[in-house]
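This report refers to the structure that appears directly beneath it.
Lettering follows sequence order; numbering is per chain, from 1.
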There are 2 protein chains.
Amino acid sequence: MHAELQLDNQVCFRLYTAARLVTQAYTPMLTELGITYPQYLVLMVLWEKDCQPVNDIAHRLMLETNTVTPLLQRMEKLGIISRKRGEQDKRQHIVSLTAKGREMEQRAYDLIPTGMSEQLASCPLKLEDYQRLVQELDSIINTFKK
Amino acid sequence: MHAELQLDNQVCFRLYTAARLVTQAYTPMLTELGITYPQYLVLMVLWEKDCQPVNDIAHRLMLETNTVTPLLQRMEKLGIISRKRGEQDKRQHIVSLTAKGREMEQRAYDLIPTGMSEQLASCPLKLEDYQRLVQELDSIINTFKK
DNA sequence: AAAGATAATATCGTGTGCGATATATTGTTA
DNA sequence: TAACAATATATCGCACACGATATTATCTTT
């Protein structure tokens, strides 16, 4: 019986579980918007800066392009983004928001912060705990990023 | 521009990213064992207590049975677990380790703690940081679990 | 004990993630 | 400048996750 191999001693299992459960907590609001959590991440990247090539979006989300490309294709079908070939560099696909994609920012703002803070009400963590948590997660992300 | 909707302010995006990256860090060792990370989680559950029904494994991992069932089917094909109908309750499928599945515990112990601590060497977090992190993640998991 | 409710597991469809590989374009170098 | 390397993106295959639904067995209630 190796204590190191026990589920209860695993940070990774907690990260994996916490990520799944918190993502699930977004689902009711995201369903109302008609999108998934990874699609919401792409939208946040584009709300911050519109018209970016696939690579920049992938880097920002620390995902591979073979994950992001099909994601963007689905989002294009939904009519929330559009893609066009880069003008200087024809290899690039420049991704931009449609009117529908831009309008979703306000709807997201009306739904998501409220919806999440309601669900977080029963969480014992305080603001400073979250701030430290974010920093520690960034340390972990930095340690393992490629 | 809503600050609440910026990627940099999102705990969930950190959890999502940290979980992916740390799981990826397990991949070289797990590939050597011929399994995936979720399969490794199932093995840890069974190393701790052999012969469990699907439901108990799913509860322990906080996953749905429609995720766990196909996972177990793949593991059965790999010859690391076996499944048989419950004797008192014929609806149950009792999952148990094969000899191969039991032997993998020692191999995992030889590969994984070493492999992970090498990769963690450059991480600035100290032991007490990890301990607090685990507790805070448990708080989050508890808040959002169903 | 027959009927309906509940429980345990499985199946199906969709959307990620990601390794491996392909394709098209651009940059570099002999 | 023709050949070759590098880059940006896409395609393919496989393994999760998970909502919705189906199937089989047990439990409960009349």
Side-chain angles (χ1 to χ4, degrees), chain A residues 13 15-28 30-31 33-42 52-59 61-78 80-81 83-95 144-146, chain B residues 13 15-28 30-31 34-42 52-59 61-78 80 83-95 144-146:
Chain A
F13 174 60
L15 287 172
Y16 161 83
T17 303
R20 277 193 311 106
L21 296 183
V22 178
T23 301
Q24 282 173 29
Y26 278 83
T27 303
L30 293 177
T31 301
L33 294 174
I35 57 177
T36 65
Y37 185 72
Q39 292 172 9
Y40 174 56
L41 293 180
V42 171
Q52 296 192 51
V54 176
N55 249 349
D56 289 13
I57 297 172
H59 275 130
L61 300 179
M62 290 191 255
L63 291 166
E64 301 297 320
T65 62
N66 57 2
T67 297
V68 174
T69 293
L71 192 55
L72 293 173
Q73 289 168 342
R74 286 184 286 268
M75 293 175 77
E76 193 174 25
K77 253 187 212 156
L78 292 174
I80 54 188
I81 62 157
R83 299 184 301 161
K84 52 177 175 303
R85 282 286 165 195
E87 309 217 324
Q88 344 72 308
D89 188 337
K90 284 179 199 141
R91 290 171 303 181
Q92 291 186 334
H93 251 160
I94 305 296
V95 180
F144 288 103
K145 77 161 177 248
K146 286 163 277 190
Chain B
F13 174 60
L15 288 171
Y16 161 83
T17 303
R20 279 192 310 106
L21 296 184
V22 178
T23 302
Q24 284 173 28
Y26 277 83
T27 303
L30 293 178
T31 300
I35 57 177
T36 64
Y37 185 73
Q39 291 172 10
Y40 175 56
L41 294 179
V42 170
Q52 296 193 53
V54 177
N55 249 348
D56 290 14
I57 297 172
H59 275 129
L61 301 179
M62 291 192 253
L63 290 167
E64 302 297 321
T65 62
N66 57 3
T67 298
V68 174
T69 292
L71 194 53
L72 293 173
Q73 290 168 341
R74 286 184 286 268
M75 293 175 77
E76 193 174 26
K77 254 186 212 158
L78 292 174
I80 54 188
R83 298 184 303 160
K84 51 178 179 298
R85 283 285 164 197
E87 311 218 321
Q88 346 71 308
D89 189 336
K90 284 179 201 142
R91 289 171 304 181
Q92 291 186 335
H93 250 160
I94 306 294
V95 180
F144 288 103
K145 79 163 177 244
K146 283 164 279 191

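- As judged by a 4.0 angstrom heavy-atom cut-off over every strand, A:R74 is placed among the base-contacting residues.
- At C:dA7, none of the side-chain N or O atoms of B:N55 fall inside 4.0 Å of OP1 or OP2 (strictly under the cut-off).
- We find that OH of B:Y37 is positioned 17 Å from P of C:dG19, with the value rounded to whole Å.
- You won't find any donor-acceptor pair under 3.5 Å spanning the side chain of A:N66 and the base of C:dG17, going by distance alone.
- Distance CD (A:Q24) to P (C:dT16): 15 Å, rounded to an integer number of Å.
- Comparing D:dA17, C:dT16, C:dC18 by their nearest atom to the side chain of B:T67 picks out D:dA17.
- Rounding to the nearest 0.5 angstrom, the gap separating the OH atom in A:Y26 from the CZ atom in B:F144 is 8.0 Å.
- Of the residues near DNA chain D, A:T69 and A:R91, the one whose nearest nucleotide (by heavy atom distance) lies more toward the 5' end is A:R91.
- Of the listed nucleotides (D:dT9, C:dA10, D:dA10), D:dA10 has the atom at the smallest distance from the side chain of A:R83.
- Closest to the A:Q92 side chain, of the nucleotides D:dA8, C:dA10, D:dA10, is D:dA8.
- Residue A:Q39 contributes atom CD, which lies 8 Å from atom P of C:dG15 at whole-angstrom precision.
- An OP1 or OP2 oxygen of C:dT11 is reached within less than 4.0 angstrom by a side-chain nitrogen or oxygen of B:Q73.
- Within the 4.0 Å cut-off from OP1 or OP2 of D:dC18, at least one side-chain nitrogen or oxygen of A:R20 is found.
- Here D:dA10 presents its C1' atom at 16 Å from CG of A:L63, a figure rounded to the nearest Å.
- Across the protein-nucleic acid pair, A:D89 atom CG and D:dA6 atom P stand 17 Å apart, rounded to whole Å.
- The structure places CZ of B:R74 at 9.0 Å from CG of B:L72, a figure rounded to the nearest 0.5 Å.
- Taking side-chain N and O atoms only, A:Y16 has a distance below 4.0 Å to OP1 or OP2 of D:dA17.
- The B:K90 side chain lies nearest to D:dA25 when the options are C:dG17, D:dA25, D:dA10.
- Per the geometry, CD1 belonging to B:I35 stands 13 Å off C1' belonging to D:dA15, to the nearest Å.
- Nearer the 5' end of DNA chain D, as judged by each residue's closest nucleotide, is the contact made by A:P70, out of B:M75 and A:P70.
- Distance B:L61 CG to D:dC18 C1': 15 Å, rounded to the nearest Å.
- Note on A:H93: every side-chain N or O is 4.0 Å or more away from OP1 and OP2 of D:dA8.
- Taking the six-membered ring for Trp and thresholds of 30 and 60 degrees, A:Y37 and B:Y16 have ring planes more than 60 degrees apart, a perpendicular arrangement.
- Between B:Q39 and B:G34, the shortest heavy-atom contact is OE1-O, 4.4 Å.
- Along DNA chain C, the nucleotide closest to A:K146 and the one closest to A:T36 are compared, and the more 5′ of them pairs with A:T36.
- When the P atom of D:dA8 is taken as reference, atom CD of A:E87 falls 18 Å away, rounded to whole Å.
- Here the CD1 atom belonging to A:I35 is positioned 9.0 Å from the CG atom belonging to A:L41, to the nearest 0.5 angstrom.
- For the pair B:A19 and B:T23, the tightest heavy-atom approach, listed with the atom from each and the gap, is O-OG1, 2.6 Å.
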